[in-house]
Amino acid sequence: MHIFYVDKIDSTQDYAKSIVELHSSIVPFWIQSGIQLNGKGQRGRKWYGDSGNLYITGCFARKDILPGQLSIAIGVLLANIIQNKLLEIGDKSKVGLKWPNDILINGKKCGGILIEISDYIYIGIGINLTNHPEINPNEGMQATHLSAINLEWLKMAIVNSIDEQFFKLLDFETIQKQWFEFAKDCIDTWHIREPFNGQIIGIDSKGQLLIQDNQGNITARHQTFV
Ligand code: BTN
């Protein structure tokens with residue numbers, strides 16, 4: 001698998017798309033940037049891009065996978081990689097997931113995932129490792145960074161885990177359960193944009209968030225993809 005590196009780029013996500021336009025035969029590949037000048041977040045937001053953090057996009061040709069499942073599956077994969085490493089080094093920090101796939105450390109956001117699908121799948125991953133943006137808690141959730149984990153180690157752990165086998169063996173029932181294990185302790189930090197009545201009870205087989213109201217009716221919130 002090719003891993004390309006650039007010191008500085010607007011967004012690895014957009015750069016990956018321009019590489020595909022010129023040389024589609026090199027798919028699958030990863031592109032990493034040391035700094036992002038105009039990083040993209042979910043729902044048209046910007047993603048902080050200072051040096052020292054992980055900014056990486058993987059491009060794959062798979063089309064036989066539901067975007068909602070992929071988005072959740074990548075979140076669970078990252079949460080497992082990070083939580084296992086923290087346990088191994090004796091760090092008691094707790095990894096959490098906020099729907100659909102924000103990576104939290106002790107309830108604060110330290111990473112995000114941007115899935116874009118056209119003729120190819122683009123998996124954009126940003127993890128704050130040495131620094132993080134100041135976010136007004138009134139506007140968004142508080143941010144943090146994960147200084148206990150080395151950037152090169154994390155990059156290789158991710159790249160080595162997301163391969164053909166990952167797509168082939170994806171068992172969404174197991175992933176659904178694991179997602180809820182990572183998410184259940186963060187329920188008080190969850191904030192969906194619009195107010196809702198009821199209780200979050202999990203995700204369905206498409207990765208939609210399930211909310212049960214006081215009468216027992218269950219509604220599903222879907223993710224948005226570009
Ligand atoms: C989010 O809003 O939570 C998703 C953030 C995704 C950021 C990553 S960093 C690498 C890739 N390139 C981008 O421009 N965005 C994604």
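Counting starts at 1 for both ligands and their atoms, in listed order. Start at 1 with the first residue, then count along the sequence.
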Contact atoms of ligand 1, heavy-atom distance to D102 under 4.0 Å: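 Answer for ligand 1: 3 (O).
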Ligand-residue contact atoms, ligand 1 with T57, heavy atoms, under 4.0 Å: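 So the answer, numbered in order with elements, is 11 (C), 12 (N).
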Indicate, as side chain, backbone, both or neither, the part of [X] found under 4.0 angstrom from ligand 1 when only non-hydrogen atoms are considered.
| X | answer |
| --- | --- |
| R45 | neither |
| I113 | backbone |
| R43 | neither |

Polar atom proximity, T12 to ligand 1 (N or O, under 3.5 Å): yes
Looking at [atom], what's its closest protein heavy atom, distance included?
| atom | value |
| --- | --- |
| atom 16 (C) of ligand 1 | K40 O, 3.8 Å |
| atom 3 (O) of ligand 1 | K109 NZ, 2.7 Å |
| atom 5 (C) of ligand 1 | W47 CE3, 3.4 Å |

Check: Y120 ring centroid to F60 ring centroid under 6.0 Å: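 Centroid distance Y120-F60: not below 6.0 Å, so no.
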Full working for side chain to side chain donor-acceptor pair (under 3.5 Å) between Q42 and N101: CA-CA 10 Å; Q42 292 170 21; N101 55 23; 3.1 Å; yes
Partners meeting side-chain hydrogen bond (donor to acceptor under 3.5 Å, both in side chains) with N214 (sequence neighbours left out): none
Y48-N131 side chain donor-acceptor pair, cut-off 3.5 Å: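 The criterion, which ignores hydrogens and geometry beyond distance, is satisfied for N131 and Y48.
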